[in-house]
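Residue numbers begin at 1 in each chain, while the letters A, B, ... track the order of the sequences.
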2 protein chains.
Amino acid sequence: MIAIGEASRLSGVSIETIRYYEREGIISKAVRTASGRRAYSDTEISELRFIKRCRNLGFSIQDAVALRNLADAPSDACETVERLGSKHLSDVQAKLAELRKLEKALVELVANCAKGQSDCPMLDALKAR
Amino acid sequence: MIAIGEASRLSGVSIETIRYYEREGIISKAVRTASGRRAYSDTEISELRFIKRCRNLGFSIQDAVALRNLADAPSDACETVERLGSKHLSDVQAKLAELRKLEKALVELVANCAKGQSDCPMLDALKAR
DNA sequence: GCTTGCTTCTGTAGTTACTACAGGATGCAT
DNA sequence: ATGCATCCTGTAGTAACTACAGAAGCAAGC
């Protein structure tokens with residue numbers, strides 16, 4: 001059995017976050033030792049890692065939980081998984097498009113600034129309607 | 001004088017958000033009518049629009065406020081503005097790079113899914129270490 | 001003058017996903 | 001026995017809003 005600190009190291013999820021996940025019912029309640037400390041099995045470490053990987057990919061906790069549940073359920077999991085994945089992909093692509101526009105606007109703004117005029121073109125740009 | 005609903009329409013900032021900005025000291029307290037309703041001038045509408053534009057560009061409220069203050073202060077505003085702009089630009093570029101990686105990973109994940117195998121490669125990928 | 005319906009008011013709580021304590025107990029090595 | 005690391009619970013804070021509830025005001029039509 002693995003203590004919470006070790007579980008954190010093994011999974012990459014912080015101690016506070018593990019406790020938070022338990023509190024919120026995102027993972028099931030950990031078994032306790034005689035003195036009340038949480039103890040984890042390899043299975044639970046894998047579960048934490050799974051959630052962590054989903055979060056790194058930008059899935060919401062809600063989606064991560066859904067995916068984890070699907071990982072246990074056998075039938076037509078793949079379809080649902082693909083749906084979640086595609087949805088998330090298009091969200092990511094939308095965000096990418098937005099950020100690209102943003103980058104362009106900022107590059108222009110800052111480039112104007114660099115010309116060292118007496119009044120500030122970037123502020124003027126922000127003020128303009 | 002302009003009521004809060006009209007101010008919201010003119011600036012694109014929601015009523016609740018305008019009140020929130022006032023509560024938090026992000027904008028100054030609005031003048032009140034005899035009956036206690038908030039009243040706005042054109043100047044204040046412009047201020048709201050300025051903040052809104054900064055927020056749309058992804059600046060934090062804190063940065064937006066700093067920029068607005070600089071817009072009123074004359075001397076060496078431009079330098080500070082450029083610093084804030086460049087900093088924000090590199091943040092945006094970092095985020096862009098991250099999202100591009102993410103997109104690539106998701107495209108691969110979902111592409112595997114589409115092959116219609118019996119078990120789900122996307123789940124397997126998430127489970128794998 | 002009264003009703004109807006829209007707008008506004010204050011105050012509070014909820015959102016997302018954590019993070020950061022405080023204050024106290026436990027485990028382990030010396 | 002002492003010291004230090006680790007762990008516990010419970011609470012509050014973060015960013016930037018959003019969403020009510022319940023009451024009051026305003027403008028127009030009858």
Value in whole Å for how far the P atom of dG14(C) lies from CD of E16(B): 16 Å
Nearest-angstrom distance from the residue atom CD1 of I51(A) to P of dC18(C): 10 Å
I61(B) side-chain proximity, nearest of dC26(D), dC17(D), dC9(C): dC17(D)
Whole-Å gap separating C1' (dT18(D)) and CD1 (I18(B)): 14 Å
Nucleotide dA17(C), atom P - distance to CD1 of I26(A) in whole Å: 8 Å
Between dC18(C) (C1') and Y21(A) (OH): distance, integer Å: 8 Å
Selection from dC7(D), dC18(C), dT18(D) that lies nearest to any side-chain heavy atom of T17(A): dC18(C)
Linked, directly or transitively: F50(A) and I4(A) (ILVMFWY side chains, under 4.5 Å): no
5′-ward residue of the pair G36(A)/R23(A) relative to DNA chain D: G36(A)
hbond_proxy E24(B) side chain to dC17(D) base (donor-acceptor, 3.5 Å cutoff): no
Selection from dA20(C), dC17(D), dT10(C) that lies nearest to any side-chain heavy atom of Y20(B): dC17(D)
Nearest-angstrom distance from the residue atom CZ of F59(B) to P of dA15(D): 18 Å
Distance in angstrom units between I15(B) CD1 and dC20(D) C1', rounded: 14 Å
Proximity to the side chain of R37(B) - top-ranked nucleotide from dT18(D), dT19(C), dA24(D): dA24(D)
Sugar-phosphate only, base, or nothing, as touched by R55(A) at under 4.0 Å among non-hydrogen atoms: sugar-phosphate
Contact under 4.0 Å: R32(A) side-chain N or O vs dT26(C) OP1/OP2: no
Of R9(A) and R19(B), the one whose closest DNA chain D nucleotide lies more 5': R9(A)
Candidate nucleotides dC17(D), dA17(C), dC7(D), ranked by approach to the side chain of I4(A) - the nearest: dC7(D)
Nearest-neighbour nucleotide for the S35(A) side chain, dC9(C), dT8(C), dG27(C) considered: dG27(C)
N/O (side chain, R38(A)) to phosphate O (OP1/OP2, dC7(D)) under 4.0 Å: no
From H88(A) atom NE2 to C54(A) atom SG, the distance as rounded to the nearest 0.5 Å: 9.0 Å
V13(B) backbone acceptor or donor facing K52(B) side chain under 3.5 Å: no
Whole-Å gap separating P (dC18(C)) and CD (Q62(A)): 13 Å
side-chain hydrogen bond (donor to acceptor under 3.5 Å, both in side chains) between E44(A) and S41(A), worked out: CA-CA 5 Å; E44(A) 289 165 313; S41(A) 67; 3.3 Å; yes
N-O pairing of R32(A) and E22(A) below 4.0 Å: yes
